[in-house]
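A quick write-up on the structure given underneath.
Counting starts at 1 for both ligands and their atoms, in listed order. Quick note: residue numbers are just sequence positions, from 1.
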Amino acid sequence: MIPARAAWRPALLQRGRAPAPALRPWLEERGSLTARIRARCDRFRVQCLRQCLAPIGSEEAACLGLPAGTRVWMREVLLLADEVPVVFAHTVMPLAPRHPFDQRFFALGQRSLGSLLFSDPRIARGRLEFRALDRRHRLYRSAEAALGPQPGWLWARRSRFGRGAKGLLVNEVFLPAVLSL
Ligand SMILES: C=C(O[C@@H]1C=C(C(=O)O)C=C[C@H]1O)C(=O)O
């Protein structure tokens with residue numbers, strides 16, 4: 001059981017619980033996850049599950065400094081390696097300030113957000129924060145809704161990507177199959 005007070009932290013050790021050693025390089029990768037997966041499989045694919053306006057979750061609101069419940073653009077995807085889901089990702093992007101980047105975000109569809117974020121040197125990644133999730137957490141439940149039953153807990157990370165005043169928050173939940181890559 002993950003303690004109820006578990007939170008996003010910049011360290012991988014969380015109240016005595018640590019990820020499997022083989023998962024650490026995945027969690028700590030600061031470059032593109034898309035590129036890392038692509039290099040380890042024959043066919044990489046993004047499956048877009050949802051892209052819509054939605055009220056931001058309280059944790060995400062606190063992280064981006066927005067009032068709870070603010071409507072944001074939300075995108076949820078699976079990253080698949082040879083048709084096996086290895087990462088569930090949930091990204092939120094505030095509507096304001098408006099930015100030319102918005103159009104490219106909306107138009108992504110089944111293309112990877114990573115290709116957009118990492119091709120623009122003006123977009124900087126903030127620090128990585130980690131958290132072990134169980135089914136009390138919204139992200140865990142979203143992953144389970146998309147994929148069916150998951151192990152008791154899943155490791156996740158989040159980071160903010162920014163270009164000027166425009167910031168978006170990317171959460172990535174690592175699925176057990178990533179360890180087979
Ligand atoms: C941020 C990246 O993009 C990946 C692709 C995403 C998408 O298409 O929505 C979301 C999160 C990522 O895991 C990356 O490749 O590192």
Side-chain angles (χ1 to χ4, degrees), residues 8 10 12 19 22-54 56-57 59-60 63-64 72-95 99 101-133 137-147 150 154-164 166-181:
W8 294 97
L12 276 175
L23 192 58
R24 289 185 74 112
W26 286 98
L27 286 157
E28 290 176 327
E29 171 69 68
R30 284 192 61 84
S32 169
L33 212 50
T34 298
R36 190 178 172 95
I37 298 168
R38 218 185 267 281
R40 287 167 172 76
C41 67
D42 291 328
R43 184 162 180 259
F44 169 82
R45 181 165 79 85
V46 173
Q47 182 184 347
C48 183
L49 302 171
R50 299 200 278 172
Q51 185 158 329
C52 56
L53 280 170
I56 194 169
E59 260 184 5
E60 294 173 326
C63 181
L64 288 176
V72 291
W73 279 105
M74 187 269 273
R75 171 174 160 92
E76 272 182 1
V77 304
L78 292 173
L79 308 186
L80 295 97
D82 298 324
E83 294 306 307
V84 178
V86 291
V87 171
F88 167 82
H90 173 103
T91 299
V92 292
M93 184 175 80
L95 303 184
H99 193 282
F101 180 83
D102 298 354
Q103 285 313 317
R104 290 193 279 151
F105 181 82
F106 305 146
L108 271 174
Q110 313 290 336
R111 281 176 302 127
S112 169
L113 173 61
S115 57
L116 204 60
L117 296 175
F118 290 96
S119 62
D120 186 341
R122 290 165 298 186
I123 298 179
R125 172 173 236 162
R127 73 174 183 176
L128 293 171
E129 293 181 304
F130 309 100
R131 181 168 177 171
L133 310 176
H137 198 277
R138 191 161 92 148
L139 282 175
Y140 183 103
R141 292 194 300 273
S142 300
E144 236 183 22
L147 292 158
Q150 294 297 308
L154 294 169
W155 276 89
R157 66 181 202 170
R158 70 178 189 183
S159 59
R160 186 182 176 282
F161 286 84
R163 180 165 160 181
K166 190 82 187 177
L168 47 86
L169 183 65
V170 178
N171 297 275
E172 292 157 328
V173 181
F174 291 82
L175 304 170
V178 80
L179 292 178
S180 309
L181 293 179

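Annotation for Ser32 and Gly114: closest pair OG-CA, 4.4 Å, computed over non-hydrogen atoms. The minimum heavy-atom distance between Phe105 and Leu116, with the atom names listed, is N-CD2, 4.0 Å.
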Between ligand 1 and the protein, find all N/O pairs closer than 3.5 Å and give the distance for each.
residue	atom	partner	partner atom	Å
ligand 1	3 (O)	Gly114	N	3.0
ligand 1	8 (O)	Arg75	NH2	2.8
ligand 1	8 (O)	Leu113	N	2.8
ligand 1	9 (O)	Arg75	NE	2.7
ligand 1	9 (O)	Arg75	NH2	3.4
ligand 1	13 (O)	Glu172	OE2	2.7
ligand 1	15 (O)	Ser32	OG	2.9
ligand 1	15 (O)	Leu33	N	3.3
ligand 1	15 (O)	Thr34	N	2.8
ligand 1	15 (O)	Thr34	OG1	2.5
ligand 1	16 (O)	Leu33	N	2.7

Using a 3.5 Å cut-off and no angle test, enumerate the donor-acceptor pairs between side-chain atoms of residues 168-179 and protein atoms at least two apart in sequence or in another chain.
residue	atom	partner	partner atom	Å
Asn171	ND2	Glu60	OE2	2.9
Asn171	ND2	His90	O	3.1
Glu172	OE1	Arg157	NE	2.6
Glu172	OE1	Arg157	NH2	3.0

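Using the six-membered ring where Trp is involved, Phe118 and Phe161 have ring planes that are perpendicular, over 60° apart on the 30 and 60° scheme.
Distance CZ/Arg38 to CZ/Arg45: 12.5 Å, rounded to 0.5 Å.
No side-chain heavy atom of Leu27 sits less than 4.5 Å from a side-chain heavy atom of Leu128.
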